Amino acid sequence: MPHHTPVRPHPRASMPPPPRPPVAAPAPAAPCPIRVAPSRRRIPAVPRAVSVAASHAHDAAFLRRAADVADRSAGLTCPHPNFGCVIARPEPGGPEARVVGEGFLYAQGTRCAELLAAEEAGERARGATAYLNLEPGDCYGDSTAVSSLVQAGITRVVVGLRHPLKHLRGKAIQSLRSEGIQVDVVGEDLQSKLFKEALTSCLIVNAPLLYRAAFRVPFSVLKYAMTADGKIAASSGHASWVSGRASRGRVFELRGRSDAVIVGGNTVRRDDPRLTARHVKGHVPVRIVMSQTCNLPEEANLWNVHEAYTIVATQRGARRDFQKKLAMKGVEVVEFDMLNPRDVMSYCYDRGYLSVLWECGGTLSAAAISARVIHKVYAFCAPKIIGGVTAPTPVGDLGMNQMTQAIDLIDVSYEQIDRDMLMSGFIQPIPDLSPVIPSADEIPSVDPEVSPYETNIISFYKTWDTFGAFSNFSPHPIDMPDEKGDCLTWPTVEHYYQAHKFVGVDNPQANDIVQEIKQARSPEEAARIGRTRQREFPELIRPDWESMKIDVMYRALKCKFSTYAHLTEMLLSTAGSVLVESSPHDLFWGGGREGEGLNYLGRLLMQLRSEILGTV
Ligand SMILES: NC(=O)C1=CN([C@@H]2O[C@H](COP(=O)(O)OP(=O)(O)OC[C@H]3O[C@@H](n4cnc5c(N)ncnc54)[C@H](OP(=O)(O)O)[C@@H]3O)[C@@H](O)[C@H]2O)C=CC1
Ligand SMILES: Nc1c(N[C@@H]2O[C@H](COP(=O)(O)O)[C@@H](O)[C@H]2O)[nH]c(=O)[nH]c1=O
C-alpha cells in the first residue's frame, strides 16, 4: 500500500497574508478565453432540486473561478505551480450557491491557497465544497493544504487536474478521501462536457508546470511583432516601433509571467533592449542573451544588473576576456559546448524555470522552433507596411519549401489590441498527463526500475520538487535570537539568511535593509532584495560575511529542523544518502552543473542529520 502522509496540523501562520486582491482580479495578461468574474459574484441561480447537469454546471463555474483565482500571482512573483481554491456553499434556504472563501498561492514558500480560502470562509466552510484547479502539492511533509480543508469541515472537493509531478500525483486526493471527504476529479468522477471550458482554464493556468513535467524544459513562448507585410524591422534593422503602446503593454505582462526572456546576439547589437516588465513592483524576469561569438557591445542596457539579472549563454571559450568584463559588471556567463536552444532550455529547466519568453529575431526563433522547444506563439500584427527585401522576418529558415509543410497553430485565439491584431496559438498542445503518469494509488510501492543499490544521491532544489522542504524557500518560520538576545520570528530561512548579510553593521541604512528583507512577502522577494542591495551597497555588507555565512545558515537550519518534527523525520529518512542542492549556478551552496559546486547547503543538512543521529 502506498504510504500516505498523515494529516498534520499546518505550521504556524508563516507569512502575513498578501493584501486582499482587488475585487475584480487584474485582467489576465494572456489573451486566454477565461475572464475573471468580479469577486463575490453570485453564480447563476440553480434550483435546489437540481439535475445532475445543473449541478455539473455549478461545479464547472466554480472550478473556472478557481483557475481564475490561481492566476492572480501572475506578474507579482516568479512563475510557480498555480493553485487557486474557491469554497462555495448553497445559501441557507435559497437556491443559489455562494463563494464564502477563496485564496491563491502568492509565491513559493507562502501560505497555500486552501489555507487562505479556509481562513476566509471560517465557519461557513463547514459542509461546503472546495474547488481546486490543481491537486494540492503538499511537498513539505506537513500536508498543510489537506489539513486546512479537513479542519475547515469541507465535505466535498472538486479537482480540475491531478498534480503532474510524480512524487505528488494522487497523494493529496488520497489523503482527502482517507479523511472521508468526497473528492471528484474532472475527467474521472466528473465526465460531463460541461467541464470542457473549466478544464481548459485549469490547463492554461498551469500550462508551464504541465510542459515542464512532460518535456523537462520550461514552457516556451515565442513572441514577435510584425508589420502587415511580415517584417519585424526595417531592412536597416530599425524596429521601434512595429506594434503599438497597448500591445507592448501586453508584452510587459507576458514578461512578468516569465522566469526568463531570451534574445539573440543580433537583437542585442541592433536594439540594445532592456527586456524588463516595466511594472513598478513585482516579478522581473532574468534576461538571457544567446550569442555563439560573444561578440557583444561593451556597454548595453542588459549589463545594468540593478534593473534585472542578466545571463549570457555563449560557446565555450568565446572571448574569455570579454566574458570577464561581463562578470565584473555582475552579468552571469554560462558556457555551452555547442550553444543551441535545446541545451539552453535544459539548463533553464535545471534552474527551476517554468516559463520562458523568446523575444529573439528570426534567426534564433527558427533554431528554437526546429529544436522543438517552442510551445506557443504570440504574433502581434500591426496594420503597417514597411517593405524591404532584406527586412528581417519573424522566423528564419526552417528547411521547409512546400506550404503543406507549414506548422499549424492549434487552439488559436484572436484579439484586437488597439490597431494591432494578436494571434496566439500552440505549436504543441498542452500535454494531458492523466494517462502518462499513474497517480499515487496506482504507483507500485517500489519503483521496479530503481534497484535498491541505485546511487544514493538525493537532489533537492525547488520547493515543489521532491524534498522541497529542504529548500530555504520552504514556508517554515524560525524563531531566532537577535544580537540583543531577543527572539524574532523570521518567515523562512531565506529571509533570515539574506537579512544577516546586513546585521551588525553600524549604519541605519543597513538596519532598514534588514527590516525590508524581514517584511518581504515571500522568500523569493527576500532573496531578490538581499541580492540587489548587496550589489547596490556592498559597503553595507557585514565585513565578516564571507567567513560567517556558513554559520548563519547552519544556525537557521538547526532551528528549522528542530522546530518542525516532521522535517527532522524527513531529514532522517535520507540517512545514508548524499544530499545535493541541485542548483546549476550557485556553486557555493549548490552542486553546480557538473558537480563542481561546493554544495554547502547539502553538506550542512547532512551535518545536521549526523548530529541528530548522534553520529558526528
Ligand atoms: N519586432 C519584433 O518583435 C522583434 C524584432 N527584432 C529585430 O530582429 C532583428 C534581429 O533578428 P536576427 O538577426 O534574426 O537576430 P536574433 O535575435 O535571432 O539573433 C541571432 C543571433 O543569435 C545568436 N545565436 C545563438 N545561438 C544560436 C543558434 N543556435 N542559432 C542561431 N543563432 C544563435 C547568434 O548570435 P551571435 O552572432 O552573437 O553569435 C546569432 O547571430 C533586429 O533588427 C531586431 O530589431 C528582434 C526581436 C523581436
Ligand atoms: N520592435 C518591437 C519589439 N521588439 C522586441 O522588444 C525588444 C525591446 O524591448 P524593450 O527594450 O524592453 O522595450 C527588442 O529587443 C525586441 O526583442 N517588440 C514588440 O512587442 N513590439 C515591437 O514593435
Side-chain angles (χ1 to χ4, degrees), residues 79 207-224 226 232 254-255 257-268 275 285-296 311-318 332-379 392-412 423-431 433 436 584-585 593-594:
L209 182 67
L210 293 164
Y211 279 98
R212 179 181 162 88
F215 302 120
R216 298 182 68 78
V217 288
F219 175 51
S220 282
V221 175
L222 169 63
K223 160 263 152 186
Y224 53 82
M226 69 179 180
I232 59 173
L254 281 177
R255 292 175 181 171
R257 287 172 171 274
S258 308
D259 284 296
V261 178
I262 297 189
V263 289
N266 274 0
T267 294
V268 175
L275 302 178
V286 170
R287 291 115 24 124
I288 297 178
V289 180
M290 283 184 61
S291 171
Q292 289 140 328
T293 61
C294 213
N295 175 20
L296 299 168
I311 295 171
V312 169
T314 190
Q315 205 80 19
R316 192 172 302 284
E332 183 179 344
V333 181
V334 182
E335 292 187 324
F336 292 78
D337 293 332
M338 282 297 293
L339 184 66
N340 65 80
R342 167 107 3 221
D343 286 355
V344 172
M345 283 301 97
S346 296
Y347 176 75
C348 288
Y349 175 88
D350 291 343
R351 279 194 82 146
Y353 295 171
L354 258 67
S355 197
V356 170
L357 182 65
W358 293 72
E359 287 203 61
C360 53
T363 310
L364 185 54
S365 65
I369 291 171
S370 302
R372 292 182 57 74
V373 296
I374 300 293
H375 306 114
K376 186 169 187 181
V377 176
Y378 281 80
T393 59
V395 179
D397 183 23
L398 293 177
M400 300 176 185
N401 49 32
Q402 304 290 313
M403 191 51 75
T404 48
Q405 292 174 290
I407 298 167
D408 285 321
L409 298 185
I410 49 183
D411 293 335
V412 182
M423 178 201 307
S424 56
F426 291 87
I427 288 185
Q428 299 180 60
I430 299 179
L433 292 168
V436 173
H585 73 110
R593 290 165 78 189
E594 281 99 25

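Model, not experiment: these values are computed from the prediction.
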Distance (rounded to the nearest 0.5 Å) between Leu339 CG and Ser291 OG = 7.5 Å
Side chain to side chain, Val286 and Asp259, heavy atoms closer than 4.5 Å | no
Do Arg316 and Met338 have side-chain heavy atoms sitting under 4.5 Å apart?
-> no
Is the side chain of Arg212 donor-acceptor paired with the backbone N or O of Tyr353 at a distance under 3.5 Å, no angle test?
-> yes
Using the ring of each side chain (for Trp, its six-membered ring), is Phe336 parallel, tilted or perpendicular to Tyr347, with breaks at 30° and 60°?
-> perpendicular
Can you tell me how far CZ of Phe219 sits from CD1 of Ile430, rounded to the nearest 0.5 angstrom?
-> 6.5 Å
Over all atoms of both residues, closest heavy-atom pair of Thr314 and Gln292 = OG1-O, 3.4 Å
Any donor-acceptor pair under 3.5 Å from Gln315 side chain to Asp337 backbone | yes
In sequence, state the C-alpha distance, the side-chain angles, and the governing distance for Tyr224 and Val377, and then conclude on side chain to side chain contact (heavy atoms under 4.5 Å, CB included).
-> CA-CA 8 Å; Tyr224 53 82; Val377 176; 3.9 Å; yes
Main-chain N/O of Val261 paired with Glu359 side-chain donor or acceptor, under 3.5 Å | no
Given the options Thr404, Leu398, Asp397, Met400 meets side-chain contact (heavy atoms from CB on, under 4.5 Å) only with Leu398
Are the side chain of Thr267 and the backbone of Val263 linked by a donor-acceptor contact shorter than 3.5 Å?
-> no
Are side-chain heavy atoms of Glu332 and Val312 found at a separation under 4.5 Å?
-> no
Determine whether the side chains of Trp358 and Ser365 contain a donor N or O and an acceptor N or O closer than 3.5 Å.
-> no
Compare every heavy atom of Pro218 with every heavy atom of Val356, then report the nearest pair and how far apart it is.
-> CG2-CB, 3.8 Å
Closest non-hydrogen atom pair, Ala260 against Ile288 | CB-CD1, 3.7 Å
Minimal heavy-atom distance between Ser346 and Val217, with the atoms involved, is N-CG1, 4.4 Å
Under the 3.5 angstrom rule, does the side chain of Arg342 hit a backbone N or O of Ala371 as a donor-acceptor pair?
-> yes
Looking at side-chain heavy atoms only, is the closest gap between Cys360 and Asn266 below 4.5 Å?
-> no
Pro79 versus Arg257: any side-chain heavy-atom pair under 4.5 Å?
-> no
Can you name the closest pair of heavy atoms from Pro285 and Arg255 and give their distance?
-> CG-O, 3.4 Å
Contacts of type ring pair (Phe, Tyr, Trp, His ring centres under 6.0 Å), residue Tyr349, not counting sequence neighbours | none
Which atom of Ile410 lies closest to which atom of Gln428, heavy atoms considered = CD1-C, 4.4 Å
Is the number of heavy atoms from other residues, nucleotides or ligands within 6.0 Å of CZ (Arg372) greater than 12?
-> no
So do the side chains of Met226 and Thr393 get within less than 4.5 Å of each other, counting heavy atoms only?
-> no
dist Met290:CE -> Ile262:CD1 (nearest 0.5 Å) comes out at 6.5 Å
For the residue pair Ile427 and His375, establish whether any side-chain heavy-atom pair is separated by less than 4.5 Å.
-> no
Should Ile311 and Arg351 count as side-chain neighbours, where that means a heavy-atom distance under 4.5 Å?
-> yes
For Val221 and Tyr378, what are the C-alpha separation, side-chain angles and deciding distance, and is it a side chain to side chain contact (heavy atoms under 4.5 Å, CB included)?
-> CA-CA 7 Å; Val221 175; Tyr378 281 80; 3.2 Å; yes
Distance (rounded to the nearest 0.5 Å) between Lys376 NZ and Lys223 NZ = 15.0 Å
Separation between OG of Ser220 and CD1 of Ile374, rounded to the nearest 0.5 Å | 5.0 Å
